[in-house]
Amino acid sequence: MESTFLVTKSFKHKVDCFCSSKHHKNTIPFQRGDRIELTEDIKNVEPLGWYVRIVVNESYQVYVHIDDLEEFHDQKLIRSEMDLELEYNYYSYKVNASLDHKDQERFMYYVQKLEDVNYVLTKTLAKTSS
């Protein structure tokens, strides 16, 4: 299973708190281009289920329910880094192919897709290198 994911669309998520004193929730924002790394720290909280600790942009850590992570992936809010790199290569190929066929409409479409993927990849690199 991939352990690094990139946020492709900004969203907010309510994170469960496991305080023994009272039950409350915190909301954390995920911004487009954020890097999410899954750790091996997994715990089962009765009766809530399985949680995995994630590290966001190498700056903070939080436990997220595994079902929530799957939902983020299914909704394409997060994508694996490898999937985005493959998508970047595919769109580069399609841009070149549309140039070869002199198809301006497809060229513009794939350039936009390529720029979207490139934005997420380069924003993530900028966050981790600073």
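Since the model is a prediction, treat every value here as computed from it, not as a measurement.
Rounded to the nearest 0.5 angstrom, F11 CZ and R32 CZ are separated by 13.5 Å. With rounding to the nearest 0.5 Å, the separation of NE2 in H65 from CD in E71 is 11.5 Å. Remark: T8 OG1 to L121 CG distance equals 11.0 Å, nearest 0.5 Å. The distance from the NZ atom of K9 to the CD1 atom of I78 is 12.5 Å, given to the nearest 0.5 Å. With rounding to the nearest 0.5 angstrom, the CD atom of Q61 is 9.5 Å from the CD1 atom of I54. A distance of 9.5 Å separates OG1 in T39 from CD in E37, rounded to the nearest 0.5 Å.
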Notebook entry, point to check: When you look at T4 and R35, which way does the side chain to side chain contact (heavy atoms under 4.5 Å, CB included) test go after all the steps?
Noted result: CA-CA 7 Å; T4 302; R35 176 186 213 87; 3.6 Å; yes
Next item on the list: Report the C-alpha distance between Y51 and I66 in whole Å, list the side-chain angles of each, state the deciding distance to 0.1 Å, and finish with yes or no for side chain to side chain contact (heavy atoms under 4.5 Å, CB included).
Entry: CA-CA 5 Å; Y51 286 79; I66 290 179; over 6 Å; no
Notebook entry, point to check: Given H73 and F5, is the side chain to side chain contact (heavy atoms under 4.5 Å, CB included) satisfied, shown in steps?
Noted result: CA-CA 9 Å; H73 189 265; F5 293 88; 3.9 Å; yes
Next item on the list: With side chain to side chain contact (heavy atoms under 4.5 Å, CB included) as the test, would you mind laying out the steps for E105 and D103 before giving the verdict?
Entry: CA-CA 6 Å; E105 187 176 322; D103 186 342; 3.8 Å; yes
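Residues V7 and L77 form no side-chain contact, since every pair of their non-hydrogen atoms from C-beta on lies 4.5 Å or further apart. Counting only heavy atoms from C-beta outward, the side chains of I36 and V55 never approach each other to under 4.5 Å. N26 places none of its side-chain heavy atoms less than 4.5 Å from the side chain of K14.
Side chains of D41 and Y63: a donor-acceptor N/O pair is present below 3.5 angstrom, by distance only. Side-chain contact, N89 with E87: no donor N or O sits under 3.5 Å from an acceptor N or O.
Scored by the side-chain hydrogen bond (donor to acceptor under 3.5 Å, both in side chains) test, E85 finds no partners at all (sequence neighbours excluded). For K76, the side chain to side chain contact (heavy atoms under 4.5 Å, CB included) criterion is met by R79, not counting sequence neighbours. Residues that satisfy the salt bridge (charged side-chain N to carboxylate O under 4.0 Å, His left out) test with D67, not counting sequence neighbours, are absent from this structure. In terms of the side chain to side chain contact (heavy atoms under 4.5 Å, CB included) criterion, residue partners of I28 (sequence neighbours excluded) are, by chain and number, V15, F30, Y60, V62.
F72 and W50 fall within a single hydrophobic cluster, where Ile, Leu, Val, Met, Phe, Trp and Tyr are joined by side-chain heavy atoms under 4.5 Å apart, directly or via other members. Transitive grouping of hydrophobic side chains (ILVMFWY, heavy atoms separated by less than 4.5 Å) keeps Y88 and Y93 in distinct clusters.
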List the atom pairs, donor and acceptor, that lie under 3.5 Å between side-chain atoms in residues 106-117 and the rest of the protein, sequence neighbours left out.
from, atom 1, to, atom 2, distance (Å)
Q112, NE2, D116, OD1, 3.0

Between side-chain atoms of residues 95-102 and protein atoms elsewhere (two or more places apart, or another chain), which donor-acceptor pairs fall under 3.5 Å?
from, atom 1, to, atom 2, distance (Å)
N96, ND2, S92, O, 3.3
S98, OG, K94, O, 3.2
S98, OG, V95, O, 2.8
H101, ND1, A97, O, 2.8

